[in-house]
Amino acid sequence: MTAFRIGADQVDRADRSFPVVIQREREAALGSRLSGILSAVRVKVGDRLRKGSVVAAIRAENVHAERTRILAARNELRSRVARQQSLFAIGAISKAELEASQAELRAVEASLSAADFDIRSAVVEMPFDGVVLAVQGEVGEVSLPGKSIARVADVTSPLIARAKIPEGIAQHLRRGQVMQVSVPGRDGPLDARLLRVGLQSDPRTGTVDVDFALPAYLNSLPSGAIGSVRVPDVSQNFAGGGQRVPIEALLEIEGEAAYIYVVDSKTQQALRTKARLLGVDTDWVRICCLPVGSVIIVDGAGFVKDHEVVAPRLL
């Protein structure tokens, strides 16, 4: 019985190019959680601001009016609770009656805190020291939750290239991998290290945000510039990629599914494993996507039972 170990050289890599947006690692789209009319926009593109500087403000008369109403109710309840505490001390009211008023006071105080938070939210402030990249709001416009009023960046943070990559390709990428990125003003691609792969895919596009660290000497590139990155595609959705294994390893084919025996590295058991069949090349088949280092049974696979302990000889 012989076996075959899948090495990095058995992975057919068909590179694909994806657009990237150059940006600072620390950027933010600033807006308000409130709906309202923009009463002030105090910044312009290129302004350098300190943390806490006012960027914009929303007219919030209704919020102030609601706070005034809640404050009056809070003061009235405080007086009531104070009177009831005196009455309870002499046995004139029950404990349940006093506790009901105290609970009502706590609820109103929570509403007052929420109103104070709303009032603070009507003023949009700079979250860190930085520069204004874009201004998207104007005085008199309606501001809605989630709508950006201004985009800002911390220019001391590293420059990154962000790509939106299909989930089937992104799941095979690993932090620290080096890719070829092309950026404006540079002749030829340069090496960029993969920083992170997003944890969630966009349900509308099926893509994942992938960030690449750019060299420090590119620090003068403007945020928002467009470049590209070349990414090796070994996903099951791309016919040009995959892993080559000897055709003798195949146990069965069902449509696009190929079944092979993979030897468990801990138990030495032969495990019947399903892979995606990508194509056949004479003496080899192309499948996706087993981990590099996997040992598959080649000669004698048809005589092995699932979960049988084996000791094959590596080719």
Side-chain angles (χ1 to χ4, degrees), residues 1-18 163-180 193-203 206-210 212 229-315:
M1 181 186 302
T2 59
F4 177 84
R5 186 188 302 276
I6 295 179
D9 57 336
Q10 271 81 51
V11 181
D12 293 331
R13 297 188 181 274
D15 287 356
R16 294 182 66 182
S17 181
F18 298 95
K164 293 187 177 297
I165 294 177
E167 184 179 7
I169 298 174
Q171 66 180 332
H172 300 288
L173 303 179
R174 296 293 180 267
R175 182 177 179 179
Q177 282 183 280
V178 176
M179 308 291 178
Q180 294 287 296
R193 181 174 51 84
L194 196 153
L195 274 179
R196 68 184 68 86
V197 177
L199 299 179
Q200 291 184 322
S201 64
D202 187 328
T207 59
V208 177
D209 283 346
V210 180
F212 301 89
V229 62
R230 296 198 65 81
V231 176
D233 182 354
V234 293
S235 75
Q236 63 184 24
N237 297 319
F238 185 63
Q243 298 161 317
R244 293 182 300 113
V245 300
I247 197 167
E248 295 87 354
L250 282 182
L251 299 173
E252 183 182 358
I253 294 177
E254 290 182 356
E256 294 184 346
Y259 292 88
I260 56 178
Y261 275 129
V262 176
V263 181
D264 187 287
S265 60
K266 294 182 179 179
T267 65
Q268 293 302 303
Q269 291 179 323
L271 304 179
R272 182 181 170 90
T273 302
K274 179 181 177 180
R276 184 173 176 90
L277 179 65
L278 300 180
V280 179
D281 300 321
T282 312
D283 296 329
W284 299 83
V285 292
R286 202 164 63 249
I287 62 172
C288 183
C289 293
L290 299 176
V292 172
S294 296
V295 174
I296 62 173
I297 297 177
V298 183
D299 294 330
F303 301 98
V304 177
K305 295 180 179 179
D306 195 18
H307 288 85
E308 179 181 343
V309 176
V310 295
R313 176 177 58 84
L314 282 174
L315 291 174

Closest non-hydrogen atom pair between [X] and [Y], with its separation:
| X | Y | result |
| --- | --- | --- |
| G293 | R5 | O-NH1, 3.4 Å |
| A258 | L277 | CB-CB, 4.1 Å |
| A163 | V229 | CB-CG1, 4.0 Å |
| P246 | V285 | O-CG2, 4.4 Å |
| L251 | G302 | CD2-N, 4.4 Å |
| G206 | S201 | C-CB, 4.4 Å |

By side-chain hydrogen bond (donor to acceptor under 3.5 Å, both in side chains), which residues pair with [X], not counting sequence neighbours?
| X | result |
| --- | --- |
| E252 | R272 |
| E308 | none |
| T273 | none |

Starting at [atom1] of [X], measure out to [atom2] of [Y] and round the result to the nearest 0.5 Å.
| X | Y | atom1 | atom2 | result |
| --- | --- | --- | --- | --- |
| E248 | D299 | CD | CG | 6.0 Å |
| R175 | R196 | CZ | CZ | 7.5 Å |
| L173 | M179 | CG | CE | 5.0 Å |
| I287 | L250 | CD1 | CG | 8.0 Å |
| F18 | I169 | CZ | CD1 | 4.0 Å |

- Message: Surrounding CD of Q180 (heavy atoms of other residues, nucleotides or ligands, distance under 6.0 Å), is the total greater than 12?
- Response: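 Counting other residues, nucleotides and ligands, CD of Q180 exceeds 12 neighbours.
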- Would you please name every residue forming a side-chain contact (heavy atoms from CB on, under 4.5 Å) with L199, sequence neighbours left out?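 Scan of L199 (side-chain contact (heavy atoms from CB on, under 4.5 Å), adjacent residues dropped) gives none.
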- Kindly determine whether M1 and F303 satisfy side-chain contact (heavy atoms from CB on, under 4.5 Å), including the steps that lead there. CA-CA 9 Å; M1 181 186 302; F303 301 98; over 6 Å; no
Extract all donor-acceptor atom pairs below 3.5 Å that involve side chains of residues 260-269 and protein atoms in other chains or at least two apart in sequence.
| unit_1 | atom_1 | unit_2 | atom_2 | d |
| --- | --- | --- | --- | --- |
| Y261 | OH | V304 | O | 2.9 |
| Y261 | OH | D306 | N | 3.2 |
| D264 | OD1 | K266 | N | 2.8 |
| D264 | OD1 | T267 | N | 2.9 |
| D264 | OD1 | T267 | OG1 | 3.4 |
| T267 | OG1 | Q269 | N | 3.3 |
| T267 | OG1 | Q269 | OE1 | 3.4 |
| Q268 | NE2 | S265 | O | 3.4 |
| Q269 | NE2 | H307 | O | 3.4 |

- Task: Walk me through it: do V208 and I165 pass the test side-chain contact (heavy atoms from CB on, under 4.5 Å)?
- Result: CA-CA 5 Å; V208 177; I165 294 177; 5.7 Å; no
